[in-house]
Each structure stands twice: as C-alpha cells, then as structure tokens.
Amino acid sequence: MPSDSSVIKVRLPDDSVRELPTGSTGLDLAQSIGKRLAQAAVATVVNGVESDLGVALADGAQVSIVTADSDAGRHVLRHSTAHVLAQAVVQLFEGSKFSIGPAIEDGFYYDFELPNNKTFSDADLVSITERMQQIVAADQPFVRSEMSADDALKVFKDQPYKCEIIQRVTKGDADSVDALEAGSADAVSVYRNSESFVDLCRGPHVPSTSRLGHFALMKVAGAYWRGNEKGPMLQRIYGTAWESKSALAEHLHRLEEAEKRDHRRLAVEMDLLSFPQELGGGLAVWHPKGGIVRKLMEDYSRERHQNGGYKFVFTPHLANAHLFETSGHLQFYKDGMYPPMEMDNGTYYPKPMNCPMHCLIYRDRQRSYRELPLRLFELGTVYRYERAGTLHGLLRIRGFTQDDSHIFCTEEQMADEIASLLDFVLSVLRRFGFNDFDFKLSTRNVDKSVGSDEIWQKATDALREALNRHGLQFTVAPGDAAFYGPKIDIDVRDAIGRKWQLSTIQCDFNLPERFGLEYIATDNARKRPIMLHRALFGSIERFFGVLLEHYGGAFPTWLAPVQVRVLAVASAHEEYAAKVVQQLIEGGYRVDQLVADEQLGKRIRASKLERIPYVLVVGDDDVANSTVGVNPRGGDVRRDVLMNDFLRQLSADVGETKSVA
RNA sequence: GCCGGGGUAGCUCAGUGGCAGAGCAACCGCCUUGUAAGCGGUAGGUCGUGGGUUCAAUCCCCACCCUCGGCUCCA
C-alpha cells in the first residue's frame with residue numbers, strides 16, 4: 001500500500017492543490033477552505049460533472065465548490081426546493097401523482113395530478129407553503145442512491161408518470177427532461193428525503209432541506225403532460241427560490257416593477273389605446289395619444305423605407321379564397337385565419353398575411369432582371385385567428401399591422417440582399433433604443449411545409465451565410481420555419497432584460513413557384529425570382545407594446561405624445577405661458593398648457609405621472625426676463641433658463657434620436 | 001382550444017340573498033399658487049350579457065362574452 005493512501009490531493013479552480021484525508025467529501029473540502037464557503041456551498045463540480053457535496057472525492061480530482069449565490073447554485077437550490085414542494089403535496093393530498101419538477105429561470109415548478117381531477121386553490125398554496133417550511137425545519141437529508149430500472153419501477157409503482165419516465169430512459173428514447181429526472185438506463189438515480197418521500201432525480205441536490213427556505217409559491221396553472229395538447233392536463237405549481245431572504249425580496253420587488261411597466265396597464269394609465277369588449281378579443285382601438293406615437297413610428301418607418309429603395313404599395317384586407325388556395329395558406333395556415341365570408345360570387349377571407357397580394361402586384365406584368373431587386377413595402381393590416389387563450393394585450397393580438405415587405409430578387413442577389421437587410425433591421429431597432437439582440441435561425445418542419453429539400457437547403461444556407469457574414473451569434477430552431485421557407489427571427493432584450501420576438505427575415509422559394517412568378521433574365525430566358533419576406537417592427541402593435549414596456553411609458557422626446565407642458569405659477573402668468581406655448585408650437589413641438597386653477601405642485605405631479613419629458617414653469621421672474629423654469633423628466637430643475645437656450649436643448653434632445661441615418 | 005382566477009363608477013378596489021360603497025379622476029365653487037397630491041361641494045352604476053333558482057339575485061346555479069396567470073400555438 002502506498003504511503004500516501006491516507007490522503008488525497010485535489011486541484012481547485014485557481015490551480016492550487018489541496019490535501020485532504022482520504023474519504024473527504026466536497027463539504028469537507030469547503031470546510032477546510034473556510035467556514036463561510038462551507039455555509040454557502042450547495043454542490044460540487046468534480047472533473048466537470050456536478051455532484052452532491054456529500055460525495056467522497058477521488059485523488060487527483062479537479063474540484064470546484066458551487067455556492068448558493070451563483071447561477072449553478074441557485075439552480076440546485078431551486079431543484080431541491082421543487083422536491084420539497086412535491087413532498088409537501090404528496091403528504092397533504094393523499095393519492096396525488098407527481099410528474100416532473102425542474103428548476104427554471106428564477107425558480108422551479110412541479111406538475112401534479114390530484115385524485116378525482118381536483119385542482120389546487122390559492123388557499124392550498126398557503127398550506128403547502130407551511131408544510132414546505134416544516135420540511136425545511138426538519139432538516140431532512142437528501143440521500144442519493146442508484147438502482148436498476150426494475151427496482152426503480154417497484155419503488156414508484158404508484159406513480160405512473162415516474163414509471164413512464166423510467167421506461168423511456170430504459171428504452172433509450174429519453175429526452176433531455178427525462179434525463180434530468182432519472183439519470184441513465186443502467187443506474188436510475190433517486191433522492192430520498194425521508195422514509196415517506198423519494199423522488200426520481202439525477203441531482204445534484206443540497207445536502208439537506210435546512211439549506212432551503214427562501215422560496216415563495218407563485219401561482220397554479222394547468223400544464224399538459226409532456227407538453228402534449230392531447231394528453232392529460234396536470235396541475236402545475238410555480239415557485240421562486242433564492243439563496244437568501246434579501247435575494248428573494250429583491251426578486252419579488254423586480255416582479256412588482258415589471259408589473260408597473262406592463263404595457264396593458266400603461267396603455268390605460270396613459271390613455272394610449274384600449275380593447276373595447278364590444279370589439280371582441282384581441283382587437284384594439286388607438287386613442288389620440290397612442291395614435292400620435294404610432295403615427296411617428298409609421299412616419300419614421302416610411303422615411304427609412306423610402307430611403308432604402310422600397311416601393312410603397314397598398315392592398316385590401318379581404319381576398320377571394322382562390323388567392324389563399326394558390327398561396328397555400330388554406331392548406332397550411334387555415335387554423336390561423338378568420339372564418340370565411342360566403343358571398344354571391346365566392347368565398348372571401350380576411351388576409352392573415354400580405355405576401356399573396358404582393359405576389360399579384362409582381363405578376364401583374366412581365367418583369368425584367370433590370371427591375372430586381374424589387375422591394376414592395378406596405379404597412380399591411382392582417383387578421384389572424386389566434387386562439388382565445390393565447391391573446392396577450394398588444395403582444396398577441398388578432399388584428400395588427402405589419403411593416404411588411406416582400407423583396408423579389410435573383411438567386412445571385414439573395415445573399416447580399418439578406419445581408420443588407422440585417423443591417424437595415426438592426427439600424428431601425430437601435431433608433432428605438434434596443435441594443436441587445438438574439439438571433440434565431442428557424443429551419444424546416446417537414447410535416448408542415450411545402451417545397452423541395454434542395455430549395456429549403458439553399459434558402460437556409462443563404463440565411464446562415466448572412467448571419468455568419470455579420471459575425472452574429474445565433475441559435476438554430478429546428479422545425480420553427482414558416483410553411484413556405486426558413487427564417488431569421490430577431491429577439492430584442494428590453495430595459496429590464498426580457499426577450500421579445502420582433503423582426504423577422506424569411507426566405508421563400510415557394511410562393512414564387514405557386515404564383516408562377518418570372519422575370520426575363522439577361523440571356524432572355526424566363527427565370528423564377530426569389531422572394532424575401534421581412535418585417536422590422538414585426539407588427540406595429542407588438543413593437544409599440546414592447547417599446548412601451550422598454551421605456552416604462554417614458555417615451556424618448558421624439559416619440560412622446562406631449563413633449564412639453566407649460567405651467568403658469570399663477571393666473572397672472574397665463575398670458576406669458578401661452579406665448580411660450582405658441583413659440584414651441586411654431587418650433588414644431590407637441591406642447592400643451594395646464595391652467596393655474598390647481599396648486600402648482602399638483603399640476604407638476606399630474607404632468608410627471610404622464611411622463612412628459614419637459615415641464616416648464618413660468619412665474620414673475622420669467623415674465624420679466626423671458627425665461628422659463630425647466631423641470632425635465634428624470635433630471636434636476638433649472639430656473640431662469642433663457643427661452644432660446646431651452647429651445648436649443650429641446651432641439652438637440654429630439655434631433656439626437658430622430659435624425660435618419 | 002385546455003386548466004385555474006376574475007369582470008361592481010373613467011381608474012384602483014371594498015361589499016352584501018332585502019335602497020350600491022371608498023380613494024383618485026371628472027364637474028362646480030373657494031384658494032392665485034415657484035417645482036410630485038390645498039379646501040368644500042356635485043354628479044357618476046342595468047354590479048360583463050342572457051337564462052334559471054327565489055317572495056326577493058350584483059351575490060347562488062347554467063351558458064356565453066371579455067379578461068388575467070399558465071399550457072399548447074405564434075408577429
């Protein structure tokens with residue numbers, strides 16, 4: 001026996017080597033480094049594999065300690081808390097079945113089936129939380145063991161969902177969710193918390209439940225088993241869990257802040273638009289204040305498109321069914337369309353997309369290669385029958401307007417055209433204050449698409465190449481393409497880090513085929529153009545909604561419905577205030593005046609709540625000196641500002657974001 | 001579409017099987033104000049819609065519409 005068998009050496013992330021008695025665990029290691037580290041430790045990474053703190057370390061291992069305040073650590077906490085949730089539910093609701101309970105962003109969930117199709121109420125969440133706290137207080141260890149699939153099936157004989165997972169793992173057709181739940185086929189891993197509760201799980205977990213406790217159960221929701229709409233619907237409980245009381249409190253505070261900037265709430269508060277019940281679900285009307293912002297967005301869009309070589313077209317909201325038969329929409333997109341209108345001379349549908357109509361414009365006469373690329377642009381209003389449960393304010397709506405364009409080009413032009421489109425999209429998005437993007441390449445879903453493999457391959461390659469040419473990182477979403485072709489979707493991140501899908505660039509070899517589109521090439525041959533679909537805002541409604549949340553209602557000055565409000569200190573200054581207003585109107589600004597029949601403080605407050613960029617206050621001094629008091633949004637008050645100085649400041653503020661590249 | 005909440009004044013929300021409530025906003029007066037809520041008064045509701053139960057329904061039951069949180073699906 002070697003003389004050093006009583007010790008092991010492990011290597012730490014900083015490449016230092018530490019000697020420990022043989023049989024030492026990750027927890028021992030953490031303790032040897034420091035008491036605070038041991039307290040914060042929730043798991044280890046041994047040779048790149050996450051494992052429990054209690055696992056004995058091998059000699060020569062590369063080890064790092066996962067602490068609760070890291071992303072990986074919180075993940076472990078959340079997953080462990082999910083087990084505690086399951087235990088509480090199983091104890092409180094006799095006969096309940098539990099299925100899966102992963103950690104997710106900011107928290108975790110667990111899906112259950114309650115006996116007799118019972119559902120959880122909000123009151124249940126309170127009692128479940130209490131039971132969970134008892135389990136935490138009981139300091140139950142998480143004890144890992146591994147067993148054969150057969151033994152595991154015996155352990156979970158009363159848990160059909162667990163058995164299904166074990167069987168899938170055994171058969172080797174486990175998906176990533178299953179693998180997280182059960183480990184591998186030869187060694188199904190389980191974690192036992194007490195005599196009565198054991199769960200299938202790959203781990204790792206915290207050493208014991210006492211390490212948990214900073215959690216909150218958030219909501220109950222229905223969720224299909226394995227995401228299958230035809231399958232059973234389970235009861236899902238969502239929770240959030242954090243490493244400390246303060247981290248939990250901060251998270252709850254962030255949620256409150258996010259709620260305050262909810263576009264649906266802001267739309268009401270700021271009188272921008274509404275969804276009258278009489279109109280039906282998912283249909284909005286724009287009020288004057290929302291309308292002016294929308295107009296400014298549209299003006300900007302039109303200006304950019306005009307400069308970008310686009311031709312403006314207009315098409316109707318309805319079309320004969322034949323059009324959508326030709327385009328394939330009735331075959332592949334019927335569920336997303338409003339129901340047909342039967343008329344004496346045929347059947348009509350509200351259009352769900354503008355592309356077929358743009359194809360008709362292209363086809364109306366013979367085209368030459370000299371005309372290509374032909375870029376047709378329209379702010380086209382479409383109607384889509386989104387399922388009732390999916391509607392969500394402006395972000396998921398049934399009638400909306402796309403800043404839609406279809407670019408007809410030759411195969412040779414395609415790659416350049418896509419590349420310059422990417423520049424165009426990003427430049428427009430940046431003007432609206434978005435700087436953080438995620439790109440997604442969506443590829444073919446064979447069951448829900450038209451066209452040959454070669455054509456799809458070509459189009460997908462062209463999109464991929466454009467992304468690579470720009471050096472952009474992207475993810476691939478297999479099967480997410482439109483039925484007519486692959487696409488690049490661009491998600492933006494808003495001011496508080498949430499992702500929204502807005503812009504899309506789609507490649508289409510199929511509609512030109514279906515509509516028999518042609519151009520005369522240089523060699524006098526008839527050739528088929530390629531069609532690119534693209535929308536920058538995506539939909540004006542969605543973009544507006546995202547913009548509203550991004551800015552929390554505080555639109556940049558160039559977009560603000562009211563840019564300047566003028567307040568007279570007292571009635572005696574009203575006349576001067578009106579002159580200031582007039583001067584600003586002549587300067588082309590959107591300005592108004594609130595007369596002095598309320599306290600100044602109250603009028604200031606009202607104006608601030610409206611998020612007006614500049615509130616001007618004028619009193620005796622200002623009347624005497626032709627000055628104004630400037631109270632800017634988010635800045636400090638300045639008194640005695642010369643009117644011309646303010647005009648310069650305003651012009652700079654507006655011009656900065658307004659000028660077109 | 002599915003599961004679970006909800007719909008009461010312009011907004012935010014109380015409330016009850018027996019005449020419908022508050023705060024803010026609105027309107028009218030007073031106050032004439034120097035940077036985020038001055039005072040008093042008035043008005044405002046088919047209690048989402050339609051059916052049912054009941055002597056009596058905003059309240060209990062059913063259906064539908066709209067909406068919220070999810071699932072599924074998507075710009």
Side-chain angles (χ1 to χ4, degrees), chain A residues 109 111 117-122 124 218-238 259 262 264-265 268-269 271 274-283 333 335-336 352-353 382 384-398 400-404 442 480 482 487 489-491 500-504 506 533-543 545-546 567-574 595-610 615-622 629-632 636-640:
Chain A
Y109 67 80
D111 286 348
N117 289 323
K118 267 184 40 187
T119 57
F120 293 114
S121 67
D122 285 352
D124 292 333
M218 306 300 286
K219 56 206 170 196
V220 184
Y224 297 108
W225 167 235
R226 296 181 64 74
N228 175 9
E229 216 180 338
K230 306 281 191 293
M233 177 157 277
L234 305 175
Q235 291 285 304
R236 175 172 298 178
I237 295 178
Y238 281 93
E259 200 183 317
D262 187 306
R264 293 163 301 186
R265 176 187 179 133
V268 173
E269 270 178 26
D271 192 18
S274 59
F275 292 87
Q277 219 190 93
E278 293 84 342
L279 238 47
L283 298 169
Y333 201 76
D335 289 347
M353 296 185 193
V382 297
R384 297 187 187 172
Y385 186 75
E386 301 292 347
R387 295 204 285 175
T390 67
L391 299 174
H392 182 88
L394 287 171
L395 303 182
R396 195 75 181 275
I397 193 171
R398 283 181 175 156
F400 59 97
T401 301
Q402 298 179 298
D403 59 332
D404 203 4
S442 297
D480 274 2
K487 58 180 181 173
D489 286 326
I490 303 175
D491 289 348
W500 305 98
Q501 202 215 302
L502 298 172
S503 315
T504 181
Q506 310 179 350
H533 308 235
R534 41 106 293 180
L536 311 187
F537 293 149
S539 92
I540 294 185
E541 285 77 0
R542 176 178 285 186
F543 196 86
V546 172
L567 305 177
V569 171
S571 301
H573 317 115
E574 216 71 83
V595 294
D597 57 3
E598 291 280 7
Q599 246 188 336
L600 180 63
K602 187 164 183 177
R603 284 176 288 150
I604 300 256
R605 177 180 154 81
S607 307
K608 292 288 177 188
L609 290 175
E610 285 183 56
V615 177
L616 301 187
V617 175
V618 295
D620 288 335
D621 300 348
D622 303 292
V630 181
N631 187 338
D636 296 326
V637 172
R638 282 185 304 141
R639 289 279 302 270
D640 307 315

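All figures in this text were calculated on a predicted structure; none of them were measured in a lab. Basis for what follows: all heavy atoms, side chains included, without hydrogens, waters or symmetry-related copies.
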Notebook entry, point to check: Across the strands shown, which category fits A/G601 at heavy-atom distances under 4.0 angstrom: base, sugar-phosphate, nothing?
Noted result: sugar-phosphate
Item checked: Within-4.5 Å side-chain heavy-atom neighbours: A/F537 and A/T401 -> no
Next item on the list: Taking the side chain as every heavy atom from C-beta outward, state whether A/L502 and A/R542 have any atom pair closer than 4.5 Å.
Entry: yes
Check: Is the shortest side-chain N/O distance from A/R264 to OP1 or OP2 of B/rC68 below 4.0 Å?
Finding: yes
Note to self: Base, sugar-phosphate or nothing for A/G545? Non-hydrogen atoms, less than 4.0 Å.
What the structure shows: nothing
Notebook entry, point to check: Are A/R603 and A/V615 close enough that some pair of their side-chain heavy atoms sits under 4.5 Å apart?
Noted result: no
Margin query: Can you check the distance between B/rG5 and B/rC60, where both ends of the measurement are the P atom (answer in whole Å)?
Written below: 13 Å
Next item on the list: Please determine if a side-chain N or O atom of A/K602 lies less than 4.0 Å away from the OP1 or OP2 oxygen of B/rC31.
Entry: no
Notebook entry, point to check: Looking only at heavy atoms, which two atoms of A/P352 and A/Y333 are closest? And how far apart?
Noted result: CB-CE2, 3.7 Å
Margin query: Could you check whether any side-chain heavy atom of A/F400 comes within less than 4.5 Å of a side-chain heavy atom of A/V382, counting everything from C-beta outward?
Written below: yes
Check: With a non-hydrogen cut-off below 4.0 angstrom, is A/Q235 in contact with a base, only sugar-phosphate, or nothing?
Finding: sugar-phosphate
Item checked: RNA chain B base-pair string [pairs: Watson-Crick or G-U under 3.5 Å; |: paired with another strand] -> (((((((..((((....[..)))).(((((.......))))).....(((((..]....))))))))))))....
Item checked: 5' priority, RNA chain B, between A/G393 and A/L616 [closest heavy atom] -> A/L616
Checklist line | Pairwise P distance, B/rG48 and B/rC59 [rounded to whole Å] | finding: 8 Å
Notebook entry, point to check: Can you name the nearest heavy-atom pair linking A/D620 to A/H573, along with the distance?
Noted result: OD1-NE2, 2.6 Å
Check: How does protein contact run along nucleotides 70-75 of chain B, one letter per nucleotide 5' to 3', with B for base contact, S for sugar-phosphate only, - for none, heavy atoms under 4.0 Å?
Finding: BBBBBB
Checklist line | Donor/acceptor link under 3.5 angstrom from A/D122 side chain onto base of B/rG5 | finding: no
Notebook entry, point to check: When the C1' atoms of B/rC39 and B/rA14 are considered, how many whole Å apart are they?
Noted result: 26 Å
Notebook entry, point to check: Which part of the nucleic acid, if any, lies within contact of A/D335, taking any heavy atom under 4.0 Å across all strands shown: a base, the sugar-phosphate backbone alone, or nothing?
Noted result: nothing
Note to self: By nearest heavy atom, map A/G629 and A/D262 onto RNA chain B; which one lands nearer the 5' end?
What the structure shows: A/G629
